[in-house]
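Working notes, structure below.
The first residue in the sequence is number 1, and the count goes up from there. Every number for a ligand or one of its atoms is a count from 1 in the order of the listing. In this text the structure is predicted, and so the values were computed from the model without any measurement. Heavy atoms only: backbone and side chains are in, while hydrogens, waters and symmetry mates are out.
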Amino acid sequence: MRPHLVFWISAAVRITIILAAAGVGAYFFGQTTGLILALLGMITLIVVQLQYLLNLSDWLDNPNSARLPDGWGAWTEIFSRLYKLRRGDEKNQSELAEWLARFRQAMTLLPDGLVIMDDVMFLEWCNPIAERHLGLDLGRDKGMRVTNLVRTPEFIDYIILGRYETPLTLSLRDRKLIVHVIPFENRRQILVTHDITESERIDMMRRDFIANASHELRTPLTVINGFLEIASMQPDLEVSIRASHIKLMVEQGERMQRLVEDMLTLSRLESTDFQVRTERIDIPLMLRHIKQEAHALSNGRHQFSLELDGPDIQGSADEIRSAFSNLVTNAVRYTPEHGEIKLIWQNSAQGPRFIVQDNGIGISQEHISRLTERFYRVDKSRSRETQGTGLGLAIVKHVLIRHDAQLLIESTVNVGSKFCVQFPNRAVIGAV
Ligand code: ADP
């Protein structure tokens, strides 16, 4: 039934009852009694309505659907409609709160920083990434001007000048950030911060690598070109001189080939598509072969010893052979004649380990942490003399990362070096 009709019917019923009672009173006890009864009835009706209004006003002051007053007549309809409205409102509010919580959660998971500022650049809200990027603390800084919180001149200029079409590149707290302000609503702004420190570092590494590789290839190429030019300009060159030129060109060609092979190996090791093979590796057998090769390289100039006391492990035999052989070759190349080179394969509490110890030229402390960088050499000319590409230890590092192993280096200048490859216990065949 329509609410207006309910209201009028219930009002009419009540007034009719009062008038009927007054009519009965007047009939039996006279007109005055009838009038008094009608008056009393009307006053009671007004007092009851007032009481309902009072209850309603109390409830409106402190709305709580559980405490909604009971009603009678048209009030039943009013209260039940208010109850429905209130329940709907509560549902909307809880949905809104839930949505807001989900939105906040999503904002905290964003990889970028987000700051919401009002029209005069006061901080209204920011996500934890923005706190980290800009050194903010929402609890402490809310309501403060952002330019007072991030006091870098470029940032202040960018915010104040308002030329937001181009993002700002900002160096802040050891990080490189791209900062972008986007006006939204009519007088609010969103500031987005994107951290490019890592991608810049990788870009820089790539640039360095290309520069170094080109430099490394340019030297042998220049030598080869020089000899070819001489050969073309002096066709009657003495046979012995020509033979020595060819020998030098072959050497430079081999150097370039080693370099390209090492670069290809490195790029293969770094590629995530290239999975580590897990096969059983007979390390003692592998080390015997490596020792024979080292003997050949040393050509009788060094003394070797081999201690084999460790287990077989699992991993990629090719990669481990290349890492171990790089370490042993280095020991031969950086140990003067009559030096001693020890190869040890043993077990330890942390897991099996391979040690190459020499009593060669050694390395001073400041170089040790950088030895595994590509093309890093302590002494450039010595490395070239000994046919080094500068990539050997970088290859070792990548192979070990792929096998969860670590390279530990101890060295003293003019005393010798100790390179230790520490494998985890789980590398041992049959380890759980
Ligand atoms: P390279 O091809 O120049 O030997 P590596 O990456 O193999 O390149 O080694 C980097 C540098 O570490 C070498 O140039 C050398 O200075 C130093 N180095 C490596 N092994 C030894 C060692 N056993 N004794 C002394 N220096 C070493």
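Within the listing of ligand 1, atoms 5 (P), 6 (O), 7 (O) sit less than 4.0 angstrom from a heavy atom of G392. Numbered from 1 in the order shown, with element, the atoms of ligand 1 that lie under 4.0 Å from a heavy atom of R333 read 1 (P), 2 (O), 4 (O). Less than 4.0 angstrom separates some heavy atom of V378 from each of these atoms of ligand 1: 14 (O), 16 (O). Remark: ligand 1 atoms within the under-4.0 Å shell around heavy atoms of G390 are 1 (P), 2 (O), 3 (O), 6 (O), 8 (O). Less than 4.0 angstrom separates some heavy atom of L393 from each of these atoms of ligand 1: 5 (P), 6 (O), 7 (O), 9 (O), 10 (C), 12 (O), 19 (C).
Among residue pairs with one or both ends in residues 186-199, those qualifying as salt bridge (Lys or Arg N to Asp or Glu O under 4.0 Å) are D119-R187, E124-R188, R175-D195, E185-R188, E198-R201; sequence neighbours excluded.
Heavy atoms of F419 come nearer than 4.0 angstrom to ligand 1 in at least one pair.
At distances below 3.5 Å, not a single donor-acceptor pair connects side-chain atoms of D112 with backbone N or O atoms of V192. Between the side chain of Q189 and the backbone N or O of M121, no donor-acceptor pair lies under 3.5 Å.
The nearest heavy-atom contact from the protein to atom 11 (C) of ligand 1 is Y376 O, 3.7 Å. Protein heavy atom nearest atom 23 (N) of ligand 1, with residue, atom name and distance: D358 OD2, 3.0 Å. The shortest contact between atom 21 (C) of ligand 1 and any protein heavy atom is with Y334 CD1, 3.6 Å. Atom 3 (O) of ligand 1 has S383 OG, 2.5 Å as its closest protein atom, hydrogens excluded (heavy atom only).
Ring-plane geometry between H302 and F304 is classed as perpendicular, the angle between the planes exceeding 60 degrees on a 0 to 90 degree scale with a lower cut at 30.
Under the rule for a side-chain contact (heavy atoms from CB on, under 4.5 Å), the partners of R206 that lie at least two apart in sequence or sit in another chain are I202, D203, I210.
A salt bridge links E98 and R102; the closest N-O separation between the charged side-chain nitrogens and carboxylate oxygens is under 4.0 Å.
Among I363, N330, L371, the residue whose heavy atom lies closest to atom 27 (C) of ligand 1 is I363.
Using a 4.5 Å cut-off on side-chain heavy atoms (C-beta onward), W125 and L138 make contact.
The line from CG of L371 to CD1 of I363 is 5.0 Å long, rounded to the nearest 0.5 Å.
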